[in-house]
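Report on one structure; see the data block that follows.
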Amino acid sequence: MNKYALFLGCTTPTKVLQYEVASRWVCKYFGIELIDIKDFVCCGMNQVNLSIETGLLMAAMNLALAETRGLNILTLCAACTGALAEAIERLEDKATRDEVNEKLRDIRLEYKGKVKVKHISRVLYEDIGVEKIKREVKRDLSGLRVAPHYGCHYLKPRSAFEEFEKPDNPKTLHELISATGAHPIEYETLGLCCGGKAFPVSEDLAHSLVQKKLDDFMNKEVDAMVLQCQTCYLMYSDQQKKIDEEYSKYNLPILLYPQLLGLALNANPIKELGLGLHRISPDKILAKIT
Amino acid sequence: MNKIKKILELKNPVSISELDPNFKSEVIAHPDARGLAACFSCGTCSAGCPIHEVFSEYSPKKLAKMVRLGMRKQVLSSPYIWYCATCHNCEQRCPQNVSFFNVLNVLKNMAAKEGYAPSAWVEQTKQVVKTGIVFPTEENWIKKREELSLPSLKEDHPKLKKIIELTGVNKIKPRVDKE
């Protein structure tokens with residue numbers, strides 16, 4: 001039995017609940033047990049801006065909370081994945097770990113260096129496997145052409161993920177999409193960042209990045225984008241909506257991967273995959289599934 | 001001749017008297033920025049930077065060079081150092097294995113201490129101390145979570161507050177831009 005501590009992060013459980021709902025459903029379907037740890041806090045990714053030390057401490061606090069329970073971590077957010085994986089790397093150094101543990105002692109925690117962090121897509125890819133997913137598919141998604149978007153922190157820093165993925169030529173999400181029967185398209189701006197981490201400081205710059213990718217899909221007959229991070233989701237969905245107020249040219253539905261997988265597995269789109277919560281209606285996609 | 005003259009009219013000349021010769025060593029002394037010593041200004045970082053592509057004034061290569069020239073005030077007070085989208089392309093592609101992503105974080109940390117942090121990040125840190133996440137508690141999502149039968153979230157995180165206060169990051173004040 002696969003068992004993980006579920007790391008929700010900040011944005012998924014408050015603003016993109018459909019990702020959480022669909023992820024929990026998919027994990028349950030495949031017998032992946034998820035343990036909720038109420039004491040988990042923000043991964044520390046954004047705090048690094050003001051203090052690298054604080055960001056590392058916050059990540060270490062979360063790692064220690066999982067380690068105390070003897071669990072590895074399953075993440076939904078790409079940025080949490082990157083931040084925690086980077087912290088694990090840094091904490092392999094004993095001097096750094098000792099320094100961090102000295103502070104964690106104040107809150108009666110210690111990180112010994114035994115936790116692994118895996119994004120939900122990686123868990124599906126490695127623990128379940130595309131062959132098993134293919135065998136479980138119940139609905140025909142072959143009419144769907146979707147654009148995969150990986151999320152920078154699912155792939156980088158390279159040192160944290162190189163045994164699993166190639167940042168310049170990633171394949172896992174393409175394969176996971178193909179396993180559902182949908183068709184993942186190839187496109188030029190595949191590696192382009194969503195701009196989510198620049199958004200709080202400069203909305204205009206972030207919008208430029210969103211627009212660039214969405215423009216790349218024009219005339220490519222793309223039915224939807226398939227993502228694996230709620231920050232990317234908010235950028236391509238809610239910010240697309242905002243950009244479209246002016247141009248109204250995109251109207252591109254955005255799905256999180258567990259939702260696409262759930263559709264293939266015949267989950268209830270509203271109750272089990274949260275598709276009623278989308279800012280851009282996914283009805284066009286549902287109409288193409290038989 | 002006019003063309004040459006035009007080239008020679010510098011837009012923002014670097015004034016040697018304003019340079020801080022110790023700035024580079026100060027930055028490189030931080031373990032996260034040590035790699036900067038190996039930078040040979042090839043510009044691969046800027047070439048692969050998505051923010052540079054849409055806003056050329058933001059340039060990792062240029063910032064690295066400014067640090068090495070000792071342009072302390074210009075670097076730390078620059079609003080541009082906060083524009084990074086954290087995609088890691090710069091460090092991933094650097095032929096010298098410089099992690100400009102980490103160098104930039106060191107610069108941002110220094111800038112924050114000197115009062116140049118954007119309010120967005122200062123507010124987030126204040127928020128994290130209160131709720132454990134970067135957002136305030138909202139009735140709206142509490143209700144939605146109930147409707148979807150999702151477990152409630154813990155709203156109070158005294159342990160996090162304690163370790164954040166140990167680092168002093170909660171005392172950082174946001175930048176005040178003068179008119």
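Worth knowing before you read on, the calculation uses all heavy atoms, side chains too, and leaves out hydrogens, waters and symmetry mates. Reminder, nothing fancy here: chain letters follow the sequence lines and each chain counts from 1.
Contact of B:E53 with chain A is made through the side chain alone, with heavy-atom distances under 4.5 Å. With a 4.5 angstrom heavy-atom cutoff, B:N140 does not touch chain A via any of its atoms. With a 4.5 Å cut-off on non-hydrogen atoms, B:C84 touches chain A through its backbone but not through its side chain. Of the atoms belonging to B:Y83, heavy atoms from both backbone and side chain fall under 4.5 Å from chain A. For a residue to count as touching a neighbouring chain, one of its non-hydrogen atoms must lie under 4.5 Å from one of that chain's; by this rule B:V128 touches chain A with the side chain only. Both the backbone and the side chain of B:A85 come within contact range of chain A, judged by heavy atoms closer than 4.5 Å.
In terms of heavy-atom pairs under 4.5 Å with chain B, the best-connected choice from A:N46, A:L277, A:V21 is A:N46. Put simply, of A:D39, A:D36, A:L109, A:L155, the one with the most heavy-atom pairs under 4.5 Å next to chain B is A:D39.
No side-chain donor from either of A:T12 and A:E20 sits under 3.5 Å from a side-chain acceptor of the other. A donor-acceptor contact under 3.5 angstrom links the side chains of A:Q259 and A:H278, judged on distance only.
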> Run the side-chain hydrogen bond (donor to acceptor under 3.5 Å, both in side chains) check on A:K38 and B:S152 step by step: do they pass?
Replying inline: CA-CA 9 Å; A:K38 296 254 179 193; B:S152 62; 3.2 Å; yes

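The closest side-chain heavy-atom distance from A:L234 to A:F199 is not below 4.5 Å.
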